[in-house]
Amino acid sequence: MAEKKFETALARLEEIVTDLEKGDLSLEQSLKLFEEGVKLARLCNTRLEEAEGKVEILIKDRSGNVTPRTFDDEEES
Amino acid sequence: MQSHILTVTKLSHQIKDLMEGAFPDIWVEGEISNLTVPQSGHAYFTLKDEHSQVRAVLFRSSQRHLKFTLQHGMLVVCRGRVGVYEPRGEYQLILEYVEPKGIGALQRAFEELKSRLEKEGLFALGRKRALPVLPRRVGVITSPTGAAIRDILRVIRRRHPRMEIVIYPVPVQGSEAPPEIIQAIEHFNRTQAVDVLIIGRGGGSLEDLWAFNEEAVARAIMSSRIPVISAVGHETDYTIADFVADVRAPTPSAAAEMVVESEENLRATLGSLQSRLYVSMRAELDRLRSALSSSVRLLGDPRRQVQQLLLRTDELRQRLALAFRTLVIRDRGRLAGLSRALDQLNPLGILGRGYSITRVMPAGMIVKNAAELKQGDVIRTRLLSGEVDSRVEKTLLP
């Protein structure tokens with residue numbers, strides 16, 4: 001599922017940063033890791049941004065299929 | 001007999017000892033009626049069955065463990081002792097614990113189901129799945145009205161304002177609840193629209209929560225591919241759903257806390273990772289750059305090197321010129337010497353001093369020895385200026 005991407009991306013980013021901080025890499029390796037790190041960070045950021053915050057409630061009609069409808073939480077929000 | 005007359009107090013005192021001694025800790029079953037709960041909070045009621053009745057009281061202090069509210073006409077099982085209230089010559093039941101009749105049966109059914117499912121491995125920790133750190137959408141299976149859904153929404157919105165939530169409304173009590181809950185779980189698993197599920201309800205009695213003890217519900221939770229957080233009742237309530245779920249939250253709002261890492265924490269973690277990424281990269285580049293410049297220093301600055309080469313070439317050029325000059329001078333000297341020597345040896349020069357060069361004709365070889373000639377040979381003699389041809393008369397040997 002999409003979720004795996006965020007979690008694995010975050011974990012991989014952590015890995016990259018630790019490796020870079022060790023500082024025992026060649027220039028090519030550090031550059032390659034750095035680029036991957038930037039890509040992963042961007043991915044995580046978009047994942048955080050893209051949720052629209054919809055809250056839906058599923059309504060079942062007689063024939064049993066289910067349709068979503070926005071759930072406005074009239075009581076105190 | 002008269003001498004042995006009891007006062008009322010003595011009599012009722014003996015009755016009290018007798019009765020309280022006889023019934024110190026008993027279980028009684030009956031129906032609640034004439035229930036009154038005055039300001040004091042103590043619950044007074046009559047416990048009766050078809051033929052008789054007894055007065056009873058459940059003091060407020062003993063109501064702490066009550067999992068349900070006493071209601072008129074309710075069949076209950078109670079535990080307590082008999083107490084005699086001497087001033088009014090009445091006896092009553094002083095109760096410590098009351099539970100709805102049949103609750104015991106439910107409790108037993110619960111224990112049995114729990115141990116059976118446990119043996120089957122449904123509760124195995126190994127089977128539990130981790131919750132996603134950042135779900136795209138959270139599915140909630142609970143009653144659309146009631147505190148649970150409101151708490152869940154409030155907490156999720158506080159922690160992660162733009163988290164998307166999909167509610168599948170179900171009855172959470174009564175016989176129609178289990179099938180609906182199962183349908184909801186299957187719906188989410190079919191549509192795969194959410195990454196985590198919260199299943200639960202607010203507090204209630206064992207009977208109220210019973211839907212979450214149904215085996216079918218437990219199996220539906222177990223076979224869900226989407227991780228499930230169960231949040232049934234209060235902290236103290238444990239249902240089968242709680243044991244089977246991937247995570248058990250003590251209350252619906254606790255479930256909301258667990259289901260989503262707060263957005264700021266995620267942002268903070270991401271932010272710090274990003275800055276560490278840039279800082280470590282810059283440090284890396286600085287390290288490499290300084291390594292480069294130190295090696296360049298060792299190598300010497302190419303420009304300086306070029307200058308050095310220029311200097312050297314100049315120097316060499318000068319030395320060359322110098323060497324050349326000295327050479328030339330020396331050679332000139334030698335040359336002069338040689339040329340002087342040459343002059344001296346120069347046959348033409350000797351001619352100047354009256355010598356001549358004789359060659360035998362026609363070969364033209366220079367003659368140095370008279371023996372080389374014989375009479376009649378034609379010889380050509382070179383004088384300082386001009387030449388003479390002559391014939392050999394006679395050769396005189398030394």
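In this text, all values refer to a predicted model and were calculated from it rather than measured experimentally. Just so it is clear: chains get the letters A, B, ... in the order the sequence lines come, proteins before strands, and each one is counted from 1.
- Distance check, rounded to the nearest 0.5 Å: CG of L10(A) to CG of L273(B) gives 6.0 Å.
- Within residues 232-242 of chain B, no residue has a heavy atom under 4.5 Å from a heavy atom of chain A.
- Between K54(A) and the choices E164(B), M163(B), R162(B), the side chain to side chain contact (heavy atoms under 4.5 Å, CB included) rule is met once, by E164(B).
- In this structure, E56(A) and I165(B) have side chains that are not in contact, with every pair of non-hydrogen atoms separated by 4.5 Å or more.
- Side-chain N or O atoms of E21(A) include none that pairs as donor or acceptor with a backbone N or O of S280(B) at under 3.5 Å.
- Residues Q29(A) and E284(B) are not in side-chain contact: their nearest non-hydrogen atoms beyond the backbone lie 4.5 Å or more apart.
- Counting only heavy atoms from C-beta outward, the side chains of L134(B) and E7(A) never approach each other to under 4.5 Å.
- Under the 4.5 Å side-chain criterion, counting only non-hydrogen atoms from C-beta, L277(B) is not in contact with L40(A).
- N45(A) is listed as a side-chain neighbour of Q274(B), based on a closest heavy-atom distance under 4.5 Å.
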TODO: Verify side-chain contact (heavy atoms from CB on, under 4.5 Å) between L31(A) and M281(B), making sure each step is shown before the conclusion.
DONE: CA-CA 8 Å; L31(A) 279 176; M281(B) 191 60 215; 3.7 Å; yes

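- Between F188(B) and L58(A) the shortest side-chain heavy-atom distance falls below 4.5 Å.
- Contact of R267(B) with chain A is made through backbone and side chain together, with heavy-atom distances under 4.5 Å.
- Considering only heavy atoms from C-beta on, L266(B) comes within 4.5 Å of F6(A) through its side chain.
- No side-chain heavy atom of V166(B) sits less than 4.5 Å from a side-chain heavy atom of F71(A).
- Contacts from residues 243-253 of chain B to chain A, taken as heavy-atom pairs separated by less than 4.5 Å, involve no residues at all.
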